[in-house]
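A short worksheet on the structure shown next.
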Amino acid sequence: MKNPEQVIYIKKIGDLRFWNKKFKRIYFGNEFCPNLIPTPKEVKIALAFATKQNLEFSLLTCQVNDYFLKKFIKIFPILREGDEIILNDWGILNVIKKRFKNLLPYCLLGKFITNNINLTIIDSRKFLKERGFSGGSLKRLEMEIGALVDQRLLNPAKTKRVFHDFKVSVYYPYSFFSVTRLCPTAYCDKAVKPKNYRSEFRCQKECQKYTFLAKHPTKNIDLILKGNTWFKKASLPYFFKKNADRLVYMPTIP
């Protein structure tokens with residue numbers, strides 16, 4: 001793939017400072033924690049920046065429950081025609097199909113979904129139709145470096161076909177290793193955690209202040225803990241750099 005689209009991953013308004021003219025699109029939002037969903041005001045600021053710089057815009061979504069889903073429902077009407085929505089929760093797709101049908105052509109499958117789909121069925125018409133992507137409306141897949149490497153080792157021919165059948169976005173240099181619902185960094189700056197912090201958890205966004213480093217207990221892997229997610233830094237394999245249609249640069253850990 002010659003000249004893949006260059007994208008920058010912006011997790012919060014302050015990170016817009018990392019943008020430069022190399023990047024023609026911004027991914028805005030957070031895929032990993034619903035407590036970090038941007039406000040409608042922040043989305044408007046990001047959209048205004050994209051408009052001023054003549055950039056394309058994609059909204060990142062995360063896994064949500066009913067409470068956090070309402071936050072996205074307030075955001076969707078703000079989006080411009082053609083702005084992408086990167087789905088990481090099937091429930092969000094269901095809401096879009098019912099209430100925001102005009103946005104459906106611009107929905108993409110995010111990493112949390114594609115990581116859990118066998119590439120041997122991703123191009124199945126039946127699979128896509130059951131999820132609302134009939135008529136070839138799904139044209140792009142968001143892929144994680146680690147998942148891609150694993151899939152390619154298991155089935156190199158199929159992985160190559162996916163790059164042929166779909167436009168593929170690959171994120172670098174950070175790759176998520178695991179995600180938990182209970183945030184390991186909660187109350188990390190407190191001498192004593194509240195006894196009931198598991199059942200009455202109140203996010204204080206400690207992840208915006210602290211990052212932790214660790215070694216995997218059985219593998220030679222350096223891990224980075226940010227909020228509820230463990231990341232690892234990974235180089236971008238030549239195969240993906242050559243064949244990906246879109247490269248998504250993460251200037252900081254999300």
Salt bridge Lys167-Glu5, side-chain N to carboxylate O under 4.0 Å = no

Between Arg140 and Asp245, does at least one N-O distance fall below 4.0 Å, as a salt bridge requires?
->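 Salt bridge flag = yes for Asp245 with Arg140.
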
Answer yes if [X] and [Y] sit in the same cluster of Ile, Leu, Val, Met, Phe, Trp and Tyr residues linked by side chain heavy atoms under 4.5 Å apart, and no otherwise.
X      : Y      : result
Ile73  : Leu79  : yes
Leu225 : Leu223 : yes
Phe28  : Leu47  : yes
Val64  : Tyr67  : yes
Leu36  : Ile78  : no

Using the side chain to side chain contact (heavy atoms under 4.5 Å, CB included) rule, pick out the option among Asn20, Ile26, Leu16, Asp15 that qualifies with Ile8.
-> Ile26

How many angstroms lie between atom CD1 of Ile85 and atom CD1 of Ile96, to the nearest 0.5 angstrom?
->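 So the CD1 of Ile85 and the CD1 of Ile96 are separated by 4.0 Å.
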
Flag side-chain contact, heavy atom, 4.5 Å: Val95 against Phe72 |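 Result no, sub-4.5 Å side-chain heavy-atom pair not found.
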
Could you tell me whether the side chain of Cys188 reaches within less than 4.5 Å of the side chain of Phe212, counting heavy atoms only?
-> yes

Atom NZ of Lys71 with >12 non-hydrogen neighbours under 6.0 angstrom =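 Count over threshold, so yes.
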
Cut-off 3.5 Å, side chains only: do Ser175 and Lys232 have a donor facing an acceptor?
-> no

Test item: side-chain donor near acceptor, Tyr187 and Glu206, under 3.5 Å | no

Of all the heavy-atom pairs spanning Pro173 and Met250, show the shortest one and how long it is.
->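 The answer is CD-O, 3.4 Å.
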
Where do Leu59 and Ile75 come nearest, in terms of heavy atoms and distance?
->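 Reported closest heavy-atom pair: CD2-CG2, 3.8 Å.
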
Would Phe176 and Phe112 count as a ring pair (Phe, Tyr, Trp, His ring centres under 6.0 Å) if you check the C-alpha gap in whole Å, the side-chain angles of each, and the deciding distance to 0.1 Å?
-> CA-CA 10 Å; Phe176 77 85; Phe112 278 90; 4.7 Å; yes

Answer yes if the ring centres of Phe231 and Phe32 are under 6.0 angstrom apart, and no otherwise.
->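 Aromatic pair counts; centres sit under 6.0 Å.
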
Apply ring pair (Phe, Tyr, Trp, His ring centres under 6.0 Å) to Tyr172 and list each qualifying residue two or more places apart in sequence or on a separate chain.
-> Tyr249

